[in-house]
Structure formats: structure tokens, C-alpha cells
Amino acid sequence: MSSRAYSNSCQHDDIPVDTHVWQIANRDFHMNLKGKSLTKKIYAQIGDNFRDKFGAYAGWAHQVLFIADLREHSSRLPEHLQPKQSGTE
């Protein structure tokens with residue numbers, strides 16, 4: 001489902017899982033999925049994790065986290081949440 005179709009849908013707790021969401025689940029929610037395949041079970045676990053954390057509006061939280069994860073929007077995050085650039089430490 002495209003992001004536009006998703007944002008216009010009535011399913012506010014749907015979590016489409018792609019590479020970005022996989023990375024968010026590992027990095028921010030410590031799901032430890034590295035090396036695992038995206039099976040139906042893992043896909044469901046990621047969605048359940050978002051729904052457990054964000055309730056009925058987990059899909060909206062997904063959209064915010066997804067967009068914030070894109071480099072061109074990361075500057076809008078609070079400084080302590082902005083990704084560190086390599087070679088700057």
C-alpha cells in the first residue's frame with residue numbers, strides 16, 4: 001500500500017512493514033530482528049509492538065517515525081534524537 005493510500009485509509013492501527021520500519025523496530029524498540037527473515041509471524045510481531053506502544057493510532061505513529069527516519073526530515077527532530085553523522089564524533 002502506498003503511503004498516500006495508507007494515510008487516507010480508515011485503518012489507523014495498520015503498520016506496513018518495509019526496510020525503514022524494520023530498522024526502526026530494531027533500533028528504537030530493541031526487537032532484535034537482525035538476521036531474521038520477514039515472515040508473517042515477524043511482520044505481525046512488529047505491528048503488535050507498534051500497537052502495544054501507540055494503541056489505536058499506531059499507524060499514525062508509524063507515519064511520524066517513518067518520515068522522521070528519512071534524512072531530509074531528520075533536522076526537524078529534537079537535537080538528541082537526530083541521527084549522528086559518520087565522522088563527526
Output for pair (Ile46 CD1, Met31 CE), nearest 0.5 Å, gives 5.5 Å

(Q) Quick one: does any side-chain atom of Asn26 pair with a main-chain N or O of Leu33 as donor and acceptor, under 3.5 Å? (A) yes

All heavy atoms of Val21 vs all of Asp18, minimum pair found to be N-OD1, 3.0 Å

Separation between CG (Leu65) and NZ (Lys53), nearest 0.5 Å, reads 11.0 Å

Scanning both residues in full, the closest heavy-atom pair of Ile42 with Ser37 reads CG1-O, 3.5 Å

CH2 (Trp22) and NZ (Lys36) are apart, to the nearest 0.5 Å, by 8.0 Å

same_hphob_cluster(Ile67, Val64) at 4.5 Å side-chain heavy-atom cutoff
no

When rounded to the nearest 0.5 Å, the distance separating CZ of Phe54 from NE2 of His62 is 11.0 Å

Examine distances only and state if a side-chain atom of Tyr43 and a backbone atom of Val17 form a donor-acceptor pair shorter than 3.5 Å. yes

The test is side chain to side chain contact (heavy atoms under 4.5 Å, CB included); show your working for Ile24 and Phe50 and say whether it passes. CA-CA 10 Å; Ile24 291 167; Phe50 270 77; 4.2 Å; yes

d(Gln23 CD, Phe66 CZ) to nearest 0.5 Å is 10.0 Å

